[in-house]
Every structure is written in structure tokens, then in C-alpha cells.
Engineer: 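Below is one structure. I have some questions about it.
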Amino acid sequence: MANSMFSLLFLLSAAFFLRPSSSQVSQPSNSTTCNGIFINYQFQNRQKIHPFVSQLAKQPYSFSADLTLLNSGTTDLKAWTVFLAFSHNDILVSISNAVLSDGSVLPFSTEPETPVGFSGFPNPDLKTPIATAGDLSQIQTSVSIIGTQFGVQNPGIPLPSTISLSDPAWTCPSAAINGANRSISTCCMPNLDPLTNSTSIDNSTSADGNFLPRRSGDLTINYDVIQSFSSSYLALVTINNESPRGRLDNWRLSWQWMRGEFIYSIKGAYTSLVSSSDCIFGMQGKFYKDLDFSKVVNCQKIPTILDLPSSMANDDNVGKIPSCCRNGTILPAFMDASQSASAFQLQVFKMPPDDNRTVLNPPQNWHIAGVTLNPDYTCGAPIRVAPSKFPDPSGLQSNSSAIASWQVVCNISQPKNSKPKCCVSFSAYFNDSSVPCKTCACGCPASSVSRTCNATAPALLLPPDALLVPFDNRSAKALAWAEIKHLAVPNPMPCGDFCGVSVNWHINSDYEKGWTARVTLFNWEEVSLADWFIAVEMPKAYDGFEAAYSFNGTAVGGDTIVMRGLPGLNYLMGEVDGSNPAKDPRVPGKQQSVISFTKSKTPGIDVPSGDAYPSKVFFNGDECSLPDMIPAGGASRIGSEGSVSMVLILVASIFVLFGR
């Protein structure tokens with residue numbers, strides 16, 4: 001009897017301790033048991049395609065699959081985006097009822113285990129079965145995917161490794177593979193607010209309850225429809241810079257029309273191509289038989305739009321749009337809040353079946369870029385937001401409302417295999433060698449281009465004056481310095497940095513109560529840079545920042561100090577010929593300033609050991625390449641010369657301001 005009781009207790013205990021936790025319970029893999037958003041990826045078929053090769057990993061196969069979303073819950077799913085992580089070097093060739101969330105165009109090459117976002121278009125929202133009486137056309141969507149993949153022989157079934165919603169308001173457990181190994185699915189549930197024990201998604205019936213909240217990003221673009229007609233509408237496009245570091249110069253904006261639209265007229269900006277040929281020979285010309293297409297601005301499916309010069313801001317025909325016509329420059333708000341936005345207006349003609357004033361669809365696949373020395377931006381899909389409000393131009397206390405509004409959020413990104421566009425060199429008073437920018441810091445010429453330099457060898461140490469000389473003219477100085485310092489010289493010698501802008505950070509002095517650095521900017525391009533700025537992150541020295549003497553320096557928080565040119569000195573000139581072009585090397589544009597730090601707010605800071613060097617440097621919002629080493633430390637100049645050092649700082653500042 002005792003043994004039987006012991007066995008029963010043992011089984012009960014085992015059942016208790018071995019039961020799956022709530023986080024381990026498998027979620028419904030069937031749509032009938034899911035009371036949230038059911039997502040299913042169903043593999044359909046595939047076949048071997050040319051070219052036929054002997055290497056399995058390089059053999060291509062075409063495949064087709066369906067991605068299905070079904071709202072079986074009580075909360076609307078708005079502006080849905082699903083992430084899929086493909087695993088077999090898949091190339092997406094065609095998708096229906098969706099676009100790639102980052103604006104990429106097809107065909108698109110995926111990276112193994114890197115999530116790819118699919119956003120719904122033209123139907124980005126899924127309503128609840130309660131609000132629609134279970135109407136599948138309103139609660140379900142299906143995306144057909146056709147693509148190419150490599151190296152998966154029959155009978156293997158290639159499936160994504162992960163599948164989930166991108167919206168953090170929803171929780172999606174690990175996906176389950178069905179018994180036939182031909183599909184993968186998950187059931188996503190809305191998160192609960194721990195304070196109210198209700199969903200964190202607002203489905204209120206307020207005026208804005210039917211729209212998603214506006215989101216923040218480095219750059220936001222508003223697409224506001226301000227007038228609507230049966231066959232056309234008027235839209236205002238506003239680009240807002242919300243990043244403390246990012247900027248754009250000579251911006252170029254593009255998007256993709258998805259439903260046959262075309263630009264009839266535009267004010268505040270212009271298209272890179274003025275042509276109506278695509279309309280005349282396309283379906284637009286057949287539908288608008290009586291339209292004068294000679295007045296149409298652009299009929300491209302993917303137009304490119306540029307800002308107008310400031311001289312046309314008050315032009316009656318193409319200007320007079322607030323925030324327009326600024327030569328394509330959008331500055332951070334800390335530099336000039338009035339210059340942190342750009343806007344233009346366009347009239348868009350639509351095509352059937354959208355010839356109704358209530359049918360409005362924004363363009364997709366947005367891209368924006370500036371010149372070489374600007375950050376790279378990646379833009380998401382447009383999301384429907386509450387209509388924008390515009391103050392009455394007469395000054396009355398009333399607002400006008402847009403008919404419909406969408407928001408596109410763009411963030412600074414680092415594309416794969418991209419290189420910085422600027423670099424940093426280090427030097428110090430206690431070491432007579434300078435650490436130059438890294439070899440190929442901003443990329444090297446393609447291997448197919450003949451070169452006589454070593455792209456992998458570390459850069460050679462240089463005498464300080466060599467930093468003033470273009471790289472092609474440094475060889476003699478580098479070789480002489482290597483001989484003096486007994487440094488090894490690779491054969492062939494290291495390549496240059498190939499950067500348009502370089503920054504030299506020089507430790508200028510170190511005394512009992514503080515220390516100073518000298519920052520020098522070099523422009524190796526022929527184009528002058530207006531309204532430049534530099535940002536440095538100084539984790540160990542930030543609190544001690546005092547002043548920049550020839551730059552406008554500001555501590556902006558986050559261990560970051562921002563410096564820019566003083567009024568009248570805000571142009572970083574381009575590279576020019578030397579005084580004797582036949583003999584002298586070209587001369588880079590140059591600006592410099594001494595900056596001072598106190599040690600009273602950073603006790604224990606060790607200047608020679610590296611605490612006085614920045615951990616990150618940004619020029620015009622783009623992160624620069626840093627050297628892998630710093631000048632070897634020497635004896636600090638600690639003593640009573642603090643007051644003398646400050647006098648030297650002022651003298652150096654006067655020299656920088658008036659000596660050039």
C-alpha cells in the first residue's frame with residue numbers, strides 16, 4: 001500500500017514539474033484555434049531551372065508560396081507588416097497584395113536569416129470578424145510569392161526560419177511547422193498593458209481612433225491629400241528632419257506609383273525628367289483621350305523629385321510653397337529649425353477603377369538620398385495617420401484639415417558592404433608620429449581596376465606635416481619617416497583612405513587643471529561644403545567640455561559635442577591647386593579650432609592613455625572611420641603652466657581666425 005501511495009505521489013509530482021510553462025505552450029497552428037492574428041506561410045511548389053550546374057549550392061530552383069494573414073481576434077490590425085527570415089539565398093521576384101517594407105524593388109536578394117518585411121498594399125488593414133460578420137474579404141489577405149532559391153534538392157521543402165508581425169503591440173510565439181512540413185504558422189496576440197490589463201492597441205471611437213499614431217524617426221515624410229476630385233487629387237509632401245545629427249544636401253526623393261498614377265503638375269520642386277511619353281503610349285493616353293499631355297510633368301512609374309533653388313521660391317508658377325526651394329538642403333533643428341523641413345505640392349491624376357474622389361492610395365517604395373557626404377536613409381511603407389492640421393494663413397484661430405494623410409518614416413542606416421564617407425586621424429604633442437586614416441577607410445577601387453597599392457596592409461605612421469598633403473604625394477614623406485623610425489614598409493605600400501573629408505584630432509596640451517585638443521577638418525573634394533557640422537562622442541571627457549574657440553561648440557547631451565562654423569566661416573572650401581601647380585601638390589580646404597576641457601568635472605581622466613580621444617566622430621551626420629590605434633602616451637605636462645596654456649589657446653585661436 002505504501003509503495004502504491006509513493007508511486008502515485010511521484011507521478012503527480014512529475015506531472016506538476018514537467019508541465020510546460022505558459023511561455024512554452026505551443027500556440028495554435030490552425031486558424032480555427034487562433035483568437036488573434038493567424039499567419040501562415042504555405043509552400044506550394046518548385047522546380048529546377050537553368051542553368052544546370054554540378055555544384056548543389058549554386059543550382060537555382062524556382063518556387064512559389066502563399067503568405068496568409070487572418071484576423072480572428074477582437075482588435076483591428078492596422079498597417080500590417082510581416083517579417084520572414086529566408087534561409088536559402090532566396091531571390092524574391094514577384095509578390096502580390098504587398099510591397100517590401102523598406103522600399104526595395106524587385107527582384108530582391110535576401111540574406112540568410114535576415115528578416116524581410118512585407119507590408120500590405122493596397123489593403124494594409126485587417127478588420128475584426130465581429131465588426132464585419134466574418135467577411136473574409138475584410139479580415140483576411142493572401143500574398144503570393146514567386147522567387148528563386150539555391151541548393152535545396154527534392155524532397156526538401158524550404159521554409160522560412162521565422163515568421164512574425166513587426167508591430168511591438170503584438171506578440172508572436174515561435175512558429176510551428178505542420179505535419180507535412182509544407183507550411184509554417186503562428187498566432188499573434190495583442191500585448192496587455194500591465195497598468196490597465198487591457199490591450200495596448202487603442203481602438204477608441206475618438207476622432208483619431210481609426211488611425212495609427214504618428215511615429216518618430218530620423219526623417220519623416222508626410223503625404224497629405226489636401227484636395228480630391230473624381231480623377232485627380234492635390235497632395236502636399238513635407239520632409240521633416242528629426243535627427244540631431246542627420247542632414248541632407250541636394251536631396252533626391254523617389255517613389256513608385258502602384259496604380260497607374262502620373263504627375264500632372266508640381267510646385268516647390270521639379271522632376272529629373274519632364275516627359276509624357278509613357279502616358280501617351282500607355283493606358284493613361286487611352287483613358288484620358290481629351291487631356292493635353294503636353295502640360296503633363298512626368299509619367300514615370302518611379303519618378304525622381306528634386307528641390308528647387310532658392311531663387312525660385314517666390315516664382316508664381318513653380319514656387320510660393322512654404323518650406324520649398326532651398327537647394328535641397330535640410331539641416332538638423334539644432335542648426336536652424338526653420339531650415340529643418342522641405343515641402344512641395346503636386347497634382348496627381350488617377351486611373352480606373354480609382355476614378356472616385358474617395359479612393360486615395362499613396363505611392364510606395366519611398367527612397368531619399370543626399371550627396372556623397374550625407375547619411376544613408378532607409379524608408380518604411382506609408383502608414384495611414386490622422387489627417388494633418390494646417391493653421392489658417394490669415395492668422396485666425398482655426399485650422400484646415402487634410403482629406404487624408406500618410407506618414408513615411410526614414411531612419412539612418414548602414415547598408416551592407418557600405419563604407420564611411422569620412423575618416424579620422426590621431427596625433428598628440430607627446431608623440432612625433434601621427435596615426436593616419438585607415439587603409440581604404442572609405443573603400444578601395446574595385447579589384448578589377450589595376451592598382452599598385454596594398455588594400456589590406458595597415459597605414460604607415462606619418463610625420464604631422466604629411467597630413468596636410470594629398471595621399472598621392474605622401475609616399476616620399478612616409479618612406480623617409482619609416483626609415484627614421486625603423487618601421488617596416490610593405491611592398492606594395494598601403495592604399496590611401498579614399499575619403500572625401502578627413503578629421504584630425506590632436507591632443508594639444510595636458511596640464512594640472514585641464515587639457516586641450518585641436519580639431520582640423522580637411523576637404524579633399526573639389527566641391528565646397530556649406531553649413532557643415534561635426535559631432536564627437538566623448539564618454540570619458542564630455543562633462544569637462546568648456547569651449548571651442550574658432551568653432552561654435554555645444555554640448556548637446558549623450559556624451560556628444562557638436563561643432564560647426566561660426567557666421568562667415570561656415571564654408572569648408574574644396575581642394576584647389578597649390579601656388580605652383582607644376583610643382584606643389586593640391587591644397588585641401590581646411591578649418592580648425594582649439595577646444596578646451598577642465599579636469600574638475602572628470603576626476604581621474606587619463607589624457608595620454610586615450611581618455612581624450614573621441615569614441616565616435618560624425619561629419620554632416622555620417623559616421624567616420626576611426627583608426628585602430630592611438631599615439632603612444634608620454635609624460636603628461638602636469639604643472640603650473642595651466643595659465644600659460646590658456647594664453648597659447650587664445651593665440652592659436654586668433655591665428656586660426658585671421659591667419660588664413
Side-chain angles (χ1 to χ4, degrees), residues 79 103 208 211-228 233-244 246-257 261 263 265-271 297 303-310 312-315 318-333 335-348 360-370 374 377-393 399-412:
D208 295 343
F211 305 101
L212 288 170
R214 293 179 183 267
R215 302 173 183 177
S216 58
D218 293 323
L219 200 74
T220 60
I221 306 175
N222 293 330
Y223 191 84
D224 297 307
V225 176
I226 54 179
Q227 292 182 19
S228 181
Y233 64 84
L234 203 64
L236 178 67
V237 182
T238 307
I239 309 167
N240 298 286
N241 187 4
E242 299 180 0
S243 169
R247 66 177 285 164
L248 283 169
D249 297 283
N250 298 322
W251 57 258
R252 302 172 67 89
L253 177 67
S254 66
W255 59 59
Q256 183 175 356
W257 296 117
E261 301 97 331
I263 301 174
S265 64
I266 187 170
K267 296 185 69 175
Y270 67 101
T271 57
V297 170
T304 298
I305 298 170
L306 301 88
D307 196 15
L308 285 169
S310 55
M312 305 184 76
N314 294 316
D315 187 283
V318 297
K320 293 191 174 180
I321 300 296
S323 299
C324 87
C325 316
R326 293 173 174 171
N327 300 306
T329 296
I330 305 178
L331 299 175
M335 294 187 69
D336 188 344
S338 66
Q339 300 288 321
S340 64
S342 190
F344 60 91
Q345 181 178 290
L346 65 161
Q347 184 176 11
V348 179
L360 301 167
N361 292 293
Q364 301 290 318
N365 298 336
W366 291 66
H367 292 272
I368 191 166
N374 280 164
Y377 291 86
T378 298
C379 300
I383 62 169
R384 185 77 179 266
V385 294
S388 300
K389 302 288 194 303
F390 305 100
D392 193 299
N399 293 320
S400 59
S401 172
I403 295 172
S405 297
W406 287 265
Q407 184 193 45
V408 178
V409 177
C410 306
N411 288 305
I412 295 174

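Just so you know, these numbers come straight off a predicted model, no measurement behind them. No hydrogens, no waters, no symmetry mates; every other heavy atom, side chains included, goes into these values.
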Engineer: So Pro363 and Gln256, do their side chains get closer than 4.5 Å, heavy atoms only?
Structural biologist: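 Answer no - side chains too far apart.
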Engineer: Say you draw a straight line from CD of Glu242 to OG of Ser340; how long is it, rounded to the nearest 0.5 Å?
Structural biologist: 9.0 Å
Engineer: Specify the closest pair of heavy atoms between Pro213 and Val385, including all atoms of both residues, with the distance to one decimal.
Structural biologist: O-CG1, 4.3 Å
Engineer: Are Trp255 and Val408 packed together at the side-chain level, in the sense that at least one heavy-atom pair is separated by less than 4.5 angstrom?
Structural biologist: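 No - every pair of side-chain heavy atoms lies 4.5 Å or more apart.
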Engineer: Taking the side chain as C-beta and beyond, is there a heavy-atom pair between Thr329 and Gln339 under 4.5 Å?
Structural biologist: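 Contact flag for Thr329/Gln339 side chains = no.
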Engineer: Where does the angle between the aromatic ring planes of Tyr223 and Trp366 fall among parallel (under 30°), tilted (30 to 60°) and perpendicular (over 60°)?
Structural biologist: perpendicular
Engineer: OG/Ser254 to NE2/His367 distance, rounded to the nearest 0.5 angstrom?
Structural biologist: 5.5 Å
Engineer: Tell me, do Trp251 and Asn374 make a side-chain contact under 4.5 Å, heavy atoms counted?
Structural biologist: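 Not in contact.
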Engineer: Please check this pair: side chain of Ser342 against backbone of Ile330, looking for a donor-acceptor N/O pair closer than 3.5 Å.
Structural biologist: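 Side chain of Ser342 to backbone of Ile330, a donor-acceptor pair under 3.5 Å: no, none is there.
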Engineer: For residues Leu236 and Ile321, determine if any side-chain heavy atom of one lies less than 4.5 Å from a side-chain heavy atom of the other.
Structural biologist: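 Side-chain contact under 4.5 Å: yes.
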Engineer: What are the two closest non-hydrogen atoms of Ala269 and Leu306, and how far apart are they?
Structural biologist: CB-O, 3.1 Å
Engineer: Can you see whether Arg326 engages Ser338 through a side-chain donor-acceptor pair at a distance of less than 3.5 angstrom?
Structural biologist: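 Looking only at side-chain atoms, Ser338 and Arg326 do not form any donor-acceptor pair under 3.5 Å.
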Engineer: Kindly give the heavy-atom pair with the smallest separation between Ser228 and Ile403, and that separation in Å.
Structural biologist: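 Where Ser228 meets Ile403 most closely, the heavy atoms are N-CD1, 3.5 Å.
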Engineer: Would you say the side chain of Ile383 lies within less than 4.5 Å of the side chain of Trp406, judging by non-hydrogen atoms?
Structural biologist: no
Engineer: List the atom of Asn241, the atom of Arg247, and the distance in Å for their closest heavy-atom pair.
Structural biologist: ND2-CA, 3.9 Å
Engineer: For Leu248 and Leu219: C-alpha separation, side-chain torsions, deciding distance, then whether side chain to side chain contact (heavy atoms under 4.5 Å, CB included) applies.
Structural biologist: CA-CA 10 Å; Leu248 283 169; Leu219 200 74; 3.8 Å; yes
Engineer: One pair to check against side chain to side chain contact (heavy atoms under 4.5 Å, CB included): Leu308 and Lys267. What are the steps and the verdict?
Structural biologist: CA-CA 9 Å; Leu308 285 169; Lys267 296 185 69 175; over 6 Å; no
Engineer: Is a donor on one side and an acceptor on the other found under 3.5 Å between the side chain of Asn411 and the backbone of Asp218?
Structural biologist: yes
Engineer: CZ of Arg252: more than 12 outside heavy atoms within 6.0 angstrom?
Structural biologist: no
Engineer: Is any side-chain heavy atom of Gln345 less than 4.5 Å from a side-chain heavy atom of Ile226?
Structural biologist: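 The answer is yes; the side chains approach within 4.5 Å.
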Engineer: Rounded to the nearest 0.5 Å, what separates atom CD1 in Ile305 from atom CD1 in Ile368?
Structural biologist: 10.0 Å
Engineer: Show your reasoning for whether side chain to side chain contact (heavy atoms under 4.5 Å, CB included) applies to Val297 and Tyr270.
Structural biologist: CA-CA 9 Å; Val297 170; Tyr270 67 101; over 6 Å; no
Engineer: How close do Pro332 and Pro244 get, heavy atom to heavy atom, and via which atoms?
Structural biologist: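 Scanning both residues, the minimum pair turns out to be CB-O, 3.9 Å.
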Engineer: With the side chain counted from C-beta on, respond yes when Asp307 and Phe344 share a heavy-atom pair under 4.5 Å apart, and no when they do not.
Structural biologist: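 Not touching, per the 4.5 Å side-chain cut-off.
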Engineer: To the closest 0.5 Å, what do you measure between OG (Ser400) and NZ (Lys389)?
Structural biologist: 9.5 Å
Engineer: Quick check: are there more than 12 heavy atoms from other residues, nucleotides or ligands sitting under 6.0 Å from CG of Asn314?
Structural biologist: no
Engineer: Under the criterion side chain to side chain contact (heavy atoms under 4.5 Å, CB included), I'd like the reasoning laid out for Cys410 against Ile221: C-alpha separation, chi angles, the key distance, then a yes or no.
Structural biologist: CA-CA 8 Å; Cys410 306; Ile221 306 175; 4.0 Å; yes
Engineer: Indicate the atoms forming the closest heavy-atom contact of Cys324 with Gly319, along with that distance.
Structural biologist: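 Heavy-atom minimum between the residues: SG-CA, 4.4 Å.
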Engineer: What's the separation between atom CD in Glu261 and atom CG in Asn361, rounded to the nearest 0.5 Å?
Structural biologist: 6.5 Å
Engineer: First locate atom CG of Leu234, then atom CG of Leu346, and finally report the distance between them rounded to the nearest 0.5 Å.
Structural biologist: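 Reported to 0.5 Å precision, the distance equals 7.5 Å.
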